[in-house]
Amino acid sequence: MECYFDNSATTQPTRNVVDAMVEVLTDCYGNPSSLHRVGDAASDKLQAAREALAKALSCDPTELYFTSGGTESNNISIMGAAHALRRRGNRVVTTCVEHPSVLECMDRLSEEGFEVIKLPVDASGHISEVDLNDAIDEHTILVSIMYVNNEVGSIQPIKAAASAIKRSGAPALLHVDAVQAFGKLPIKPASLGIDLLSISAHKVHGPKGQGALYMKKGTRLTPYILGGGQENGVRSGTHGMPGIVGLGAAVSELGDIDVSAAQVATLKASLIDQLSTEENLVVNSPDEFPYILNISLLGVPSEVLRNFLSECGVYVSTGSACSKGHRSYVLTSMGLDTKVIDSAIRISFSRFNTAEEVTYLADCLKRANKSLRKVN
């Protein structure tokens, strides 16, 4: 039996997504910028994908820009906002548990002379609203906070960040990395006070190499990808139509995300219940986001457990797919013991996982806890 539980790293594209992508590779292959019938057909596909995404976010289609993925959306937002607003202030606020595509941008801004504040997190991976309010002052030009942490599933106080910006009188834009949250939590950027929002197709059963950026109407960024002026100059470059159409197809298939979340929550609760009698089991995730469960089997190194499960046909992660085997800075920032960190794995669900798969995963973890501990 094979069970895929690494959906926070990537998801399997659905059949409809693949079919939609093949169509624009073989039949509707025009450049949407071309002014003829073939180009017009491609342009219609481009607009349909934009409208599908706009419907999912309850925003205007003109507020959406297609990118190559979450990393590029984060880079465009952070670097573009900081450089556009640098005459109005110098402070940028983020957290210490952001994705590397955010943290490395912050390091670059620090090198350029910006004051970068990285908020700490507690043992559950949450920032403090008190710290957030203290950090945002009248000189703040950007606040960048991920909605859901990609390693443990902590949900950050996005509304509180928007309120803090408003209360301070700062000119700051609020950027939210919603790569893990999109398609799993209801997100309406306007009602949450979000100015910039990053999403990625391959986290919601779409293709890799495709993402999007929501930018509130009237927001101005300094673009850094220059060329033909596509995407209203925000992100120049010939449109990657297969990826864009694939994203649109994936979004159209999301269905009722509250229903999906409830189904996944049942699976997660079942797994925890089946493992409840296991000795040395530690749950590192807060109980709030159903799609991510970070656990440790104390005494069994993460890599050893991951490899054991892989041999069983069960696929999980030892952390973020971007961590490349290094000790998790997220779990370290949460103040967890090194024994917990070095034994941690991330189990991430999708709406397509089943109860049978969860039972098999639980059985494999029980066997690992028994046999691997003897070896180690």
Side-chain angles (χ1 to χ4, degrees), residues 3-11 95-100 103 120-127 145-156 177-181 184-185 203 261 264-276 278-310 314-350 353 357-358 361-362 364-366 368-369 372-373:
C3 307
Y4 185 77
F5 285 101
D6 198 17
N7 292 282
S8 286
T10 197
T11 55
T95 83
C96 64
V97 293
E98 298 295 311
H99 188 270
L103 293 177
V121 295
D122 60 20
S124 62
H126 298 101
I127 59 172
I145 299 176
M146 63 167 38
Y147 206 141
V148 174
N149 184 266
N150 55 313
E151 289 195 38
V152 296
S154 306
I155 300 175
Q156 300 295 2
D177 175 351
V179 166
Q180 295 295 338
K184 302 175 182 72
L185 294 177
K203 308 296 187 181
V264 172
T266 298
L267 296 178
K268 180 180 176 181
S270 174
L271 177 61
I272 293 173
D273 182 63
Q274 292 180 61
L275 297 174
S276 61
E278 292 300 298
E279 294 182 3
N280 301 309
L281 172 72
V282 178
V283 175
N284 305 317
S285 295
D287 185 20
E288 57 187 16
F289 185 67
Y291 291 86
I292 295 176
L293 176 62
N294 193 296
I295 64 171
S296 297
L297 291 181
L298 298 181
V300 182
S302 303
E303 291 78 11
V304 173
L305 179 55
R306 180 197 60 204
N307 293 340
F308 175 88
L309 292 174
S310 183
V314 177
Y315 310 114
V316 302
S317 171
T318 53
S320 166
C322 301
S323 62
K324 299 180 181 178
H326 298 293
R327 179 174 285 166
S328 167
Y329 64 86
V330 172
L331 300 183
T332 300
S333 297
M334 290 166 60
L336 302 188
D337 188 277
T338 55
K339 293 180 180 178
V340 173
I341 298 173
D342 292 344
S343 299
I345 62 168
R346 180 187 65 184
I347 300 162
S348 47
F349 304 83
S350 87
N353 285 124
E357 291 175 334
V358 166
L361 168 59
C364 291
L365 286 168
K366 290 175 183 178
N369 199 24
L372 299 180
R373 193 170 310 284

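What you see below is based on every heavy atom in this structure, not just the backbone, and it leaves out hydrogens, waters and symmetry mates. Just so it is clear, the structure is predicted and the values come from calculations on it, not from any experiment.
- Side-chain contact check for Arg346 versus Asp6: some heavy-atom pair is nearer than 4.5 Å.
- Taking each heavy atom of Cys96 and Pro120 in turn, the nearest pair found is SG-CA, 3.8 Å.
- Between the Ser270 side chain and the Thr266 main chain, no donor and acceptor come within less than 3.5 Å of each other.
- When every heavy atom of Ala362 is checked against every heavy atom of Leu271, the shortest pair comes out as CB-CD1, 3.8 Å.
- Between Ile292 and Gln180, the closest side-chain pair of non-hydrogen atoms falls below 4.5 Å.
- Ring geometry for Tyr4 against Tyr315 counts as tilted: the plane angle lies between 30° and 60°, on a 0 to 90° scale.
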Dump the intermediate steps for side chain to side chain contact (heavy atoms under 4.5 Å, CB included) on Tyr291 and Asn7, then the final yes or no.
CA-CA 8 Å; Tyr291 291 86; Asn7 292 282; over 6 Å; no

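- Within the 4.5 Å cutoff, no side-chain heavy atoms of Val340 are placed close to those of Leu331.
- Note that NZ of Lys203 is 8.0 Å distant from OG1 of Thr11, once rounded to the nearest 0.5 Å.
- Distance check, rounded to the nearest 0.5 Å: CG of Leu305 to CD1 of Ile345 gives 4.5 Å.
- Under the 4.5 Å side-chain criterion, counting only non-hydrogen atoms from C-beta, Cys364 is in contact with Val314.
- The shortest distance between side-chain heavy atoms of Phe289 and Asn149 does not fall below 4.5 Å.
- You'll find the side chain of Ile155 reaches within 4.5 Å of the side chain of Tyr147, heavy atoms only.
- A donor-acceptor contact under 3.5 angstrom links the side chains of Glu151 and Ser328, judged on distance only.
- Residue pairs meeting the salt bridge (charged side-chain N to carboxylate O under 4.0 Å, His left out) criterion with at least one member in residues 278-299: none, sequence neighbours excluded.
- Between Leu297 and Leu365, the shortest heavy-atom contact is CD1-O, 3.9 Å.
- Screening Leu336, Asp337, Ile341 against Lys339 for a side chain to side chain contact (heavy atoms under 4.5 Å, CB included) leaves a single residue, Asp337.
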Evaluate Arg327 against Thr338 for side chain to side chain contact (heavy atoms under 4.5 Å, CB included), listing each step before the verdict.
CA-CA 9 Å; Arg327 179 174 285 166; Thr338 55; 3.9 Å; yes

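- Of all heavy-atom pairs between Ala344 and Asn294, the closest is CB-OD1, 3.6 Å.
- At least one donor-acceptor pair under 3.5 Å links the side chain of Ser276 to the backbone N or O of Asp273.
- Annotation for Ser348 and Asn353: closest pair O-OD1, 4.4 Å, computed over non-hydrogen atoms.
- Between Met146 atom CE and Leu103 atom CG the span is 8.0 Å, to the nearest 0.5 Å.
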Given side chain to side chain contact (heavy atoms under 4.5 Å, CB included), test Gln274 with Val358 step by step and report yes or no.
CA-CA 9 Å; Gln274 292 180 61; Val358 166; 3.9 Å; yes

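- The CG atom of Asp342 sits 8.0 Å away from the CD atom of Glu303 when rounded to the nearest 0.5 Å.
- Put simply, the side chain of Lys184 does not reach to within 4.5 Å of the side chain of Val148, judged on heavy atoms.
- By the 4.5 Å heavy-atom criterion applied to side chains, Leu293 and Phe5 are not counted as neighbours.
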Kindly determine whether Val97 and Ser333 satisfy side chain to side chain contact (heavy atoms under 4.5 Å, CB included), including the steps that lead there.
CA-CA 7 Å; Val97 293; Ser333 297; 3.8 Å; yes

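- Residues Ser343 and Ser302 approach most closely at C-OG, 3.2 Å, considering heavy atoms.
- Taken from CD1 in Ile347 to CD1 in Ile295, the straight-line distance is 4.0 Å, to the nearest 0.5 Å.
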